[in-house]
Amino acid sequence: MINIVIPVHNRLEFTRQCLACLSVQTYRRFQIIVVDDGSTDGTDEMISQEFPDVVVLKGDGNLWWTEATNWGIRYAQKQQDSRQENFVLTLNDDTRVEPNYLQTMLDAYQKHKPCLIGSISVDSDNPEKLEYAGDAFELYTAGGRHLSEDYNNSYQELTARTSYVESHSLPGRGTLIPMEVFTKIGLFDSKKYIHYMSDIEFSVRARKAGYRLIVNVPSIVYEYVKATGIQVERKISLKDFIDGFTSVKSPTNLKVRYNFAIDHSKTKVLYFCFDVARICTGFLLRKVRLMKPL
């Protein structure tokens, strides 16, 4: 049984299209758990009318991604049948998948277990553009790279060369997790990682516990990149960049990145300093690149 946990907040149309593509999956042993964290746009009414089999858990708007996901996992844990293999699939609502998506995830799990299975991400507007295919990093100087670069950010090149990629971490947008993992290492850490990096931190813990992190090439998640700001090339002001150091909504939140450095790096504070320097250098280089005349 796959328990698909989807946190949502005021993105009714994204939620609708995500649930619509899940409703036509070829693999049918699944349950969808939507954690509606205080939406005011009629999301819960839409789900009730159009997708009556979907479980909706209602928050007050203060759960953010991490605790909303934990709510869904706890619900799934209470409902699980010990006579069968149980999984949680974490998924964001700003995605769409093909009808065979769940089956490809399960096939990959059976091939590589014990493991967590992650998804390939491509741009929904340009499916040939590879957005994510795993990460490689070291825990001394915050160095690393996106493995999509090894395939020239091309999905066609990726499929021609391999059927899976082994990663050092996995994001929350399309990761299949055996229920036993939560028993072994706990849930996502909502105290230290309220919104961003809880998925990365969780997968790092799972890898330390002996689980492989596999990105399965046939398991594709189509990302609405322009709408969600995944791309790093977007132009932001210096003020926005600095505000990001303290914003809960920012992946560069310094408190979150400090917590990760202390929890998992080999050099602790030194790693954090390298990490901040890398973030600042990346911002400056993007500013210079965007300032160049076409």
Side-chain angles (χ1 to χ4, degrees), residues 2-7 33 35 63-77 80 85-92 105 108-109 112-119 121 132-147 164-216 219 221 248 251-272 274-275:
I2 300 177
N3 299 276
I4 307 173
V5 177
I6 309 173
I33 306 166
V35 184
L63 297 178
W64 298 96
W65 187 91
T66 308
E67 190 56 23
T69 300
N70 283 343
W71 273 32
I73 294 168
R74 293 188 189 102
Y75 179 89
Q77 286 176 320
Q80 67 179 319
E85 207 162 18
N86 296 278
F87 302 87
V88 163
L89 172 68
T90 59
L91 191 65
N92 293 346
M105 297 288 273
Y109 173 78
H112 299 288
K113 65 181 181 181
C115 63
L116 280 65
I117 299 295
S119 305
S121 292
Y132 176 81
D135 288 301
F137 54 78
E138 48 78 28
L139 296 173
Y140 291 92
T141 63
R145 73 185 193 283
H146 299 301
L147 297 180
Y164 74 95
V165 177
E166 193 138 6
S167 181
H168 289 173
S169 66
L170 291 174
R173 58 180 183 275
T175 293
L176 185 72
I177 307 167
M179 198 71 81
E180 67 180 55
V181 177
F182 301 110
T183 303
K184 190 168 184 177
I185 71 171
L187 304 187
F188 292 89
D189 189 341
S190 60
K191 293 183 178 179
K192 293 182 180 179
Y193 308 92
I194 297 173
H195 191 59
Y196 275 105
M197 283 195 75
S198 61
D199 48 358
I200 302 302
E201 190 277 334
F202 177 86
S203 65
V204 170
R205 269 192 284 142
R207 186 166 180 258
K208 287 181 176 180
Y211 293 92
R212 299 172 69 193
L213 306 181
I214 301 296
V215 181
N216 189 45
S219 302
V221 166
V248 173
T252 59
N253 181 290
L254 294 185
K255 184 176 180 181
V256 166
R257 304 197 80 88
Y258 177 81
N259 286 335
F260 183 84
I262 298 302
D263 288 344
H264 295 293
S265 76
K266 305 294 185 181
T267 53
K268 307 300 181 185
V269 175
L270 183 60
Y271 175 99
F272 173 70
F274 279 124
D275 192 28

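With contacts defined as side-chain heavy-atom distances shorter than 4.5 Å, the pair Thr90/Ile177 qualifies. Under the 4.5 Å side-chain criterion, counting only non-hydrogen atoms from C-beta, Ile2 is in contact with Ile4. A 4.5 Å side-chain heavy-atom check between Leu170 and Tyr132 finds at least one atom pair inside the cut-off. With contacts defined as side-chain heavy-atom distances shorter than 4.5 Å, the pair Leu187/Arg74 qualifies. Inter-residue side-chain proximity for Arg207 and Arg212 is flagged as unmet; no heavy-atom pair is nearer than 4.5 Å. Looking at heavy atoms from C-beta onward, His168 lies out of side-chain contact with Val204 at the 4.5 angstrom threshold. Leu63 is listed as a side-chain neighbour of Val35, based on a closest heavy-atom distance under 4.5 Å. When side chains are defined from C-beta on, Phe188 counts as touching Trp65, because their heavy atoms get closer than 4.5 Å.
Across Ser167 and Gly134, no two heavy atoms sit closer than the pair OG-CA, 3.5 Å. Across Phe272 and Leu254, no two heavy atoms sit closer than the pair CE1-O, 3.5 Å. Across all non-hydrogen atoms, the minimal contact from Asp275 to Arg257 is OD2-NE, 2.7 Å. In terms of heavy-atom proximity, Ala76 sits nearest to Val88 at CB-CG2, 4.4 Å. The minimum heavy-atom distance between Glu67 and Ser190, with the atom names listed, is OE1-OG, 2.7 Å.
Using modelled atom types, one finds no donor on one side chain facing an acceptor on the other under 3.5 Å when comparing Arg173 with Ser119. There is a side-chain donor-acceptor pair under 3.5 Å between Ser198 and Thr66. Side chains of Asp135 and His146: a donor on one and an acceptor on the other come within 3.5 Å.
Rounded to the nearest 0.5 Å, atoms CG (Asp199) and CG (Asp189) are 12.5 Å apart. Distance check: Ile214 CD1 to Ser219 OG gives 11.5 Å after rounding to the nearest 0.5 Å. Distance OG1/Thr175 to CG/Asn216: 11.5 Å, rounded to 0.5 Å. Remark: Met197 CE to Ser203 OG distance equals 9.0 Å, nearest 0.5 Å. Atom CE of Met105 and atom CD1 of Ile117 lie 7.0 Å apart (nearest 0.5 Å). Here the straight-line distance linking atom CD1 of Ile33 with atom CH2 of Trp71 works out to 13.0 Å at 0.5 Å rounding.
Counting non-hydrogen atoms of other residues, nucleotides and ligands closer than 6.0 Å to NZ of Lys208 gives a total above 12. A 6.0 Å sphere centred on NZ of Lys255 holds no more than 12 heavy atoms belonging to other residues, nucleotides or ligands. Within 6.0 Å of NZ in Lys266 there are 12 or fewer heavy atoms belonging to other residues, nucleotides or ligands. Within a 6.0 Å radius of CZ in Phe137, more than 12 heavy atoms belonging to other residues, nucleotides or ligands are found.
The pair Asp263-Lys192 meets the salt-bridge criterion, with a side-chain N (NZ, NE, NH1 or NH2) lying under 4.0 Å from an Asp/Glu carboxylate O.
Ring geometry for Tyr271 against Phe260 counts as tilted: the plane angle lies between 30° and 60°, on a 0 to 90° scale.
For Tyr109 and Phe87, the ring centers are positioned less than 6.0 Å apart. Checked against the 6.0 Å centroid threshold, Tyr164 and His112 count as a close aromatic pair.
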N/O donor to acceptor pairs below 3.5 angstrom from side-chain atoms of residues 179-186, sequence neighbours left out:
{"unit_1": "Glu180", "atom_1": "OE2", "unit_2": "Tyr211", "atom_2": "OH", "d": "2.9"}
{"unit_1": "Lys184", "atom_1": "NZ", "unit_2": "Ala209", "atom_2": "O", "d": "3.3"}

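Remark: side-chain polar atoms of Ser265 are paired, donor with acceptor, to backbone N or O of Lys268 under 3.5 angstrom.
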